[in-house]
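Along the sequence shown, residues are numbered consecutively beginning with 1. All heavy atoms count here, side chains included; hydrogens, waters and symmetry mates do not.
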Amino acid sequence: EAVIQKIKNIEHNFDELVKEFPVKKNKKEELKQISTDLEVIIKEGEHVQELLGNELKRIWGDAAIVPSIKKRAEFEQNVSDKYDGKAEYLRDVSRFSGKFSRFEELKEAYESLQKIEGLEIINIKNKFLDPDVLGYADINMNVAYTLPGGSVHICEVQLHLSPILVVKEEVHIHYEKIRTTIPSLIKNVTAEISKKIQAFAIGRLRSSKVEAALATLVEKAGGVFLHARLLKEQMEAMETSSPGWTFNFEELQALSSSVHSHYEENLGRIFTEGASKELREEGLKYMALICAAAEP
């Protein structure tokens with residue numbers, strides 16, 4: 001966030017540029033390769049990496065990042081772990097990045113990308129609108145590129161701001177720490193389960209603040225939507241009592257910590273201090289009736 005603020009100090013229209021940047025959403029099940037054969041997908045990806053990579057170097061110059069294709073074993077692992085054995089959902093065999101010092105330059109790079117012959121941008125995620133819990137953000141896109149001969153291959157293109165990319169590299173050490181620490185802490189599980197735990201922990205770090213907050217709300221609600229509403233009302237009350245209050249994840253975690261507290265608070269509203277014995281007895285009868293009633 002401190003890095004973003006420094007960028008805003010230089011690029012005063014940063015917020016407007018971020019909000020204006022197009023977003024295109026496709027269902028994940030629709031973002032798949034035409035072929036279901038991993039061997040074919042890898043060969044197509046290698047061809048795209050060469051052709052589109054050269055084109056991006058031509059139009060973006062030194063800002064273009066064209067990495068080497070990963071090893072086949074990594075793709076096989078991803079297909080198994082992430083896509084339930086369905087190779088057609090592998091979209092990062094061919095992948096590219098661009099790094100720019102200002103968002104205006106990033107926007108111009110996007111516009112130049114649209115002009116490449118045979119390329120169609122089919123999915124755009126603007127993570128600057130919803131950074132992850134560590135504050136990282138970029139523009140993440142899937143593009144469909146038509147190869148000579150007519151076959152179409154889906155690949156990944158990311159647009160970065162250089163200052164944020166530097167921080168990302170510094171934060172990477174924490175991800176590696178998770179990968180090495182979890183197996184040493186959890187020794188009585190299979191390697192497969194250990195990998196799933198690592199993936200979950202890293203996934204939560206990479207998920208946005210909104211996703212993390214939503215997961216916390218759902219967990220606290222315990223299936224009771226009224227509890228989620230109570231949390232919402234508590235946050236609204238904080239905003240009213242403290243004008244200018246901003247969302248804070250730690251404060252959200254401290255709000256009404258469980259479903260039990262939800263019932264406790266509501267019962268406290270019904271049976272206020274000093275309520276008569278008769279009222280309490282009548283109230284208990286109705287609650288017993290509700291608890292004994294069959295679900296509809």
Exercise for the section: Using the rule that two of Ile, Leu, Val, Met, Phe, Trp, Tyr join whenever any of their side-chain heavy atoms come within less than 4.5 Å, decide whether I65 and V93 are in one cluster. Expected result: no
Fill in the blank from the handout: Here the pair of heavy atoms bringing A137 nearest to I164 is O-CG2, 3.8 Å
Fill in the blank from the handout: So side chain to side chain donor-acceptor pair (under 3.5 Å) across residues 98-114, not counting sequence neighbours, yields W60-S112, S101-E105, Y110-Q114
Practice task
Answer yes or no: is there an ion pair linking K19 with E16, defined by an N-O contact shorter than 4.0 Å?
Solution key: no
Handout entry: Salt bridge flag under 4.0 Å for residues E46 and K43
Key = no
Fill in the blank from the handout: Of all heavy-atom pairs linking V152 and A144, the shortest is CG1-CB, 3.8 Å
Problem - Whether over 12 other heavy atoms sit under 6.0 Å from D62 CG - result: no
Handout entry: Shortest non-hydrogen contact from E39 toward D37
Key = N-OD1, 2.8 Å
Fill in the blank from the handout: Rounded to the nearest 0.5 angstrom, the CD-CG distance for Q158 and L106 is 11.5 Å
Exercise for the section: Ignoring hydrogens and angles, tell me if any N or O in the side chain of Q33 forms a donor-acceptor pair with the backbone of I154 under 3.5 Å. Expected result: yes
Exercise for the section: Would you confirm whether D138, through its side chain, and K127, through its main-chain N or O, come within 3.5 Å as a donor-acceptor pair? Expected result: no
Exercise for the section: State, without any angle test, whether N54 and E50 hold a side-chain donor-acceptor pair at a distance under 3.5 Å. Expected result: no
Completion exercise
For L31 and Y89, the nearest pair of non-hydrogen atoms, with its separation, is O-CD2, 4.0 Å
Exercise for the section: State plainly whether one hydrophobic cluster holds both V143 and I34, where clusters connect Ile, Leu, Val, Met, Phe, Trp and Tyr through side-chain heavy atoms under 4.5 angstrom apart. Expected result: no
Practice task
Determine yes or no for a side-chain-to-main-chain donor-acceptor pair under 3.5 angstrom, with N26 supplying the side chain and I122 the backbone.
Solution key: yes
Exercise for the section: Compare every heavy atom of L52 with every heavy atom of L119, then report the nearest pair and how far apart it is. Expected result: CD1-CD1, 3.8 Å
Exercise for the section: Identify the two heavy atoms, one from V48 and one from C155, that lie closest to each other, and give their separation to 0.1 Å. Expected result: CG1-SG, 4.1 Å
Problem - Which residues share a side chain to side chain donor-acceptor pair (under 3.5 Å) with Q49, sequence neighbours left out - result: S94
Problem - CD (E30) with more than 12 external heavy atoms under 6.0 Å - result: yes
Practice task
Find out if a path of hydrophobic residues (ILVMFWY) with successive side-chain heavy-atom gaps under 4.5 Å connects L51 to I69.
Solution key: no
